[in-house]
Amino acid sequence: MGLFSKDIQSMDDLFVHTLRDIYYAEKQIVKALPEMIEKAHDPQLKQGFQSHLRETENHVKRLDQVFQRLGEKAQGIDCPAIDGIIEEAEEVAGEVEDETVLDAALIAAAQAVEHYEMARHGALIAWANHLGRRDCATLLQETLEEEKAVDKKLTAVAETKVNRRAA
Ligand SMILES: [Fe+2]
Ligand SMILES: [Fe+2]
């Protein structure tokens with residue numbers, strides 16, 4: 001954003017700005033997931049992270065398509081929110097010794113990430129529809145459904161296994 005001018009003038013600008021924010025975020029998540037896969041102990045959790053890594057790579061590709069449809073360059077902008085969530089996750093994970101407690105911490109951290117993605121995608125879908133870009137909304141909706149699904153899966157792993165073991 002410029003120092004001397006307000007760069008976001010319209011809903012179109014806000015839409016593209018937020019696409020760049022989530023583009024950066026999805027790429028940071030692709031980078032962060034391998035460490036979470038490595039740290040996870042529960043096999044179902046490990047596998048869940050693995051499959052979501054592949055999905056997340058696809059989220060980046062879907063955003064590439066959205067940028068392409070808009071005739072905008074696919075480009076990220078710093079997103080301090082996702083950096084903060086990931087940083088905190090790494091810090092907390094570094095403090096935990098017990099395997100099951102670590103799994104619980106990883107699930108909570110991953111859910112913070114998913115909820116961020118869901119919030120951003122929710123807004124983007126609403127704006128895409130508002131701007132008459134149903135094609136973009138459809139693509140973003142596919143990603144949102146996958147974020148919601150993994151969030152539910154994480155809750156299930158926590159409730160049926162990890163939290164019980166850690167209690
Ligand atoms: Fe994602
Ligand atoms: Fe996600």
Side-chain angles (χ1 to χ4, degrees), residues 14-70 72-94 102-129 131 133-163:
L14 183 64
F15 183 54
V16 172
H17 176 88
T18 307
L19 280 171
R20 292 188 169 142
D21 169 297
I22 196 69
Y23 190 65
Y24 172 89
E26 296 281 9
K27 286 188 162 186
Q28 293 304 103
I29 298 162
V30 167
K31 282 191 208 158
L33 271 168
E35 207 182 317
M36 298 182 72
I37 293 166
E38 205 179 301
K39 283 183 179 159
H41 287 91
D42 181 272
Q44 201 187 341
L45 181 60
K46 208 182 251 298
Q47 193 273 324
F49 283 153
Q50 251 150 5
S51 70
H52 199 55
L53 172 57
R54 286 188 295 273
E55 282 177 343
T56 305
E57 285 164 348
N58 206 28
H59 298 170
V60 174
K61 285 188 197 142
R62 257 187 219 129
L63 287 167
D64 280 325
Q65 290 178 45
V66 173
F67 282 117
Q68 204 177 10
R69 279 162 189 266
L70 295 170
E72 294 282 344
K73 198 168 148 230
Q75 175 188 314
I77 45 163
D78 280 358
C79 168
I82 200 71
D83 285 338
I85 292 172
I86 292 171
E87 198 183 309
E88 197 182 332
E90 284 167 358
E91 261 175 45
V92 172
L102 179 57
D103 277 355
L106 290 172
I107 290 172
Q111 286 192 298
V113 170
E114 294 316 312
H115 284 229
Y116 180 77
E117 293 183 285
M118 279 151 59
R120 281 287 178 261
H121 278 88
L124 283 165
I125 291 161
W127 296 340
N129 283 321
L131 295 166
R133 296 306 307 235
R134 203 152 283 221
D135 56 335
C136 298
T138 304
L139 283 165
L140 295 163
Q141 187 72 42
E142 285 173 36
T143 297
L144 178 60
E145 295 308 324
E146 289 174 359
E147 314 292 19
K148 281 187 191 165
V150 76
D151 180 53
K152 276 200 188 127
K153 217 153 92 180
L154 288 165
T155 298
V157 177
E159 283 178 352
T160 58
K161 300 162 88 176
V162 174
N163 289 351

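All ligand and atom numbering here is 1-based and tracks the order in the structure.
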Heavy-atom donor-acceptor pair, [X] side chain to [Y] backbone, under 3.5 Å:
X: S51; Y: G48; result: yes
X: H41; Y: K39; result: yes
X: K46; Y: I37; result: yes
X: Q111; Y: D151; result: yes

Of the N, O or S atoms in [X], the one nearest the Fe ion (ligand 1):
X: E147; answer: OE2
X: E26; answer: OE1
X: H59; answer: ND1
X: E117; answer: OE2

Salt bridge or not for E147 and R120, using N-O below 4.0 Å? no
Among the N, O or S atoms of E114, which one sits nearest to the Fe ion (ligand 2)? OE1
